[in-house]
Amino acid sequence: MENYTQTSTDFILLGLFPPSKIGMFLFILIVLIFLMALFGNLSMILLIYLDTQLHTPMYFLLSQLSFIDLNYISTIVPKMVSNFLSGNKSISFIGCGVQSFFFLILAVAEALLLTSMAYDRYVAICFPLHYPIRISRRVCVLMIIGSWIISSINSCAHTAYALHIPYCRSRAINHFFCDVPAMLTLACMDTWVYEYTVFVSTTLFLVLPFIIIACSYGRVLLAVFHMNSAEGKRKAYSTCSTHLTVVTFYYAPFFYTYLRPRSHRSPTGDKALAVFYTILTPMLNPVIYSLRNKEVMEA
């Protein structure tokens, strides 16, 4: 491992699984979760596409969330499984950059899409008569395209920085994927400027969207509280609680990981938290939305 210094361009991913029976158990568990995520998200996409009753803006956004989750987990797990089965933990310099690039795009795109879904519920419950105008198919498409453009620009900036700094220490990344902050611990230059940009990016693309989501649902809960219809209240609470559950599972680990100073972070803790937003969340999202959504269950 220590031979992978500046004489080699490959990185080494130390991975998530220890070389033991526990490691094998975790490996099998991750593979099962991966298969469940593939089946669940593909099923959600096909269901929304085939059932005309689900051709609404809310389910259109939900299908995009499933599409992102499908690609999200596929960016991380297959390489991790391949390394474990082959015993070769290396990943090429370009391969690491590509994995990091797609991870960042999908992470920010999902955060912005969850914000769009919160706005959709806010308009649907607080301004039901204006809903067809404010949340049309065109508006949904524009929100999705905007999410992809913003996330692509952010990802290009971070990945370009990571690929152009000199690495002069061990090439062993103490993570199970090419997370840029984990890569930068191997750099032979001061990266405080980049750490500041990570804080700014996290604030712009995670904290600010989360504040918008919280404000939207604050208004939604206030509107639901004043509803006269018991059935309307039940349906609104069910929809909102489902979305808030997804938001909590996704945002909380990101906040705890990227808003802490480096001195308070540990590789083991970062890997454990990363499992939530890279592996568990893509598997749980279709389960949560299907089990707690009457229309999806009926379809």
Side-chain angles (χ1 to χ4, degrees), residues 41 44-45 47-69 106-151 203-252 254 281 284-299:
N41 286 294
M44 188 68 73
I45 293 170
L47 190 66
I48 293 171
Y49 175 76
L50 295 174
D51 195 310
T52 55
Q53 292 185 352
L54 301 182
H55 290 181
T56 63
M58 182 179 78
Y59 292 108
F60 179 64
L61 292 173
L62 181 55
S63 69
Q64 294 302 308
L65 180 66
S66 292
F67 175 75
I68 290 175
D69 283 337
L106 295 165
V108 174
E110 178 153 342
L112 297 177
L113 183 63
L114 289 172
T115 308
S116 299
M117 294 173 72
Y119 176 70
D120 170 77
R121 292 299 84 203
Y122 164 71
V123 175
I125 294 173
C126 297
F127 303 97
L129 298 179
H130 297 169
Y131 184 78
I133 301 173
R134 291 197 183 189
I135 308 292
S136 62
R137 183 84 172 198
R138 179 175 176 273
V139 171
C140 288
V141 170
L142 289 175
M143 289 193 295
I144 291 168
I145 292 175
S147 298
W148 283 108
I149 291 175
I150 292 171
S151 60
T203 302
L204 287 176
F205 302 123
L206 289 176
V207 176
L208 189 57
F210 183 79
I211 291 173
I212 294 173
I213 291 172
C215 291
S216 296
Y217 279 107
R219 292 287 302 275
V220 166
L221 292 175
L222 188 63
V224 170
F225 180 77
H226 290 95
M227 281 185 178
N228 295 322
S229 170
E231 178 63 21
K233 282 187 177 182
R234 186 201 62 78
K235 186 176 180 180
Y237 277 128
S238 176
T239 303
C240 295
S241 62
T242 297
H243 189 70
L244 284 173
T245 302
V246 171
V247 167
T248 302
F249 269 108
Y250 188 72
Y251 277 92
F254 264 120
T281 299
L284 288 173
N285 283 354
V287 175
I288 293 171
Y289 276 108
S290 61
L291 292 180
R292 303 196 62 180
N293 191 299
K294 183 180 178 181
E295 287 82 0
V296 173
M297 291 295 291
E298 288 177 351

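Every heavy atom of this structure was used, including side-chain atoms; hydrogens, water molecules and symmetry mates were not.
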Report the C-alpha separation of Leu61 and Leu65 in whole Å, then their side-chain angles, then the decisive distance to 0.1 Å, and conclude whether the side-chain contact (heavy atoms from CB on, under 4.5 Å) test is met. CA-CA 6 Å; Leu61 292 173; Leu65 180 66; over 6 Å; no
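- Atoms CD1 and CD1, on Ile149 and Ile144 in that order, are 12.0 Å from each other to the nearest 0.5 Å.
- For the ring-ring contact (aromatic ring centres under 6.0 Å, His included) test, no residue two or more places apart in sequence or in another chain qualifies with Phe60.
- Under the rule for a side chain to side chain contact (heavy atoms under 4.5 Å, CB included), the partners of Leu222 that lie at least two apart in sequence or sit in another chain are His226.
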Less than 3.5 Å apart, which donor and acceptor atoms pair up between the side chains of residues 109-136 and the rest of the protein, not counting sequence neighbours?
residue : atom : partner : partner atom : Å
Thr115  : OG1  : Ala111  : O            : 3.0
Ser116  : OG   : Leu112  : O            : 3.3
Asp120  : OD1  : Tyr131  : OH           : 2.5
Ser136  : OG   : Val139  : N            : 3.3

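- Side-chain contact between Ser151 and Phe205 is absent, with no heavy atoms from C-beta onward closer than 4.5 Å.
- Separation of atoms CD1 (Ile211) and OG (Ser216) is listed at 11.5 Å; rounding is to 0.5 Å.
- Atoms CZ and CG, from Arg137 and Leu142 in turn, are 12.5 Å apart once rounded to the nearest 0.5 Å.
- Taking all atoms of both residues into account, the shortest heavy-atom contact from Ser66 to Met44 is OG-CG, 3.3 Å.
- Distance check: Asn41 CG to Ile45 CD1 gives 6.5 Å after rounding to the nearest 0.5 Å.
- Other residues, nucleotides and ligands contribute over 12 non-hydrogen atoms within 6.0 Å of the CZ atom of Phe254.
- Minimum interatomic distance between Tyr250 and Leu106 (heavy atoms only, all atoms of both residues): OH-O, 4.2 Å.
- The closest side-chain heavy-atom distance from Val224 to Val220 is below 4.5 Å.
- How far OG1 of Thr245 is from CD1 of Ile288: 5.5 Å, rounded to the nearest 0.5 Å.
- The minimum heavy-atom distance between Leu54 and Ile48, with the atom names listed, is O-CG2, 3.9 Å.
- Scanning for side chain to side chain contact (heavy atoms under 4.5 Å, CB included) contacts around Leu204 gives Val200, with sequence neighbours left out.
- In this structure the side chain of Val247 never reaches within 4.5 angstrom of the side chain of Tyr217, judged on heavy atoms.
- Put simply, the side chain of Leu62 does not reach to within 4.5 Å of the side chain of Met58, judged on heavy atoms.
- Annotation: side chain to side chain contact (heavy atoms under 4.5 Å, CB included) contacts of Leu50 (sequence neighbours excluded): none.
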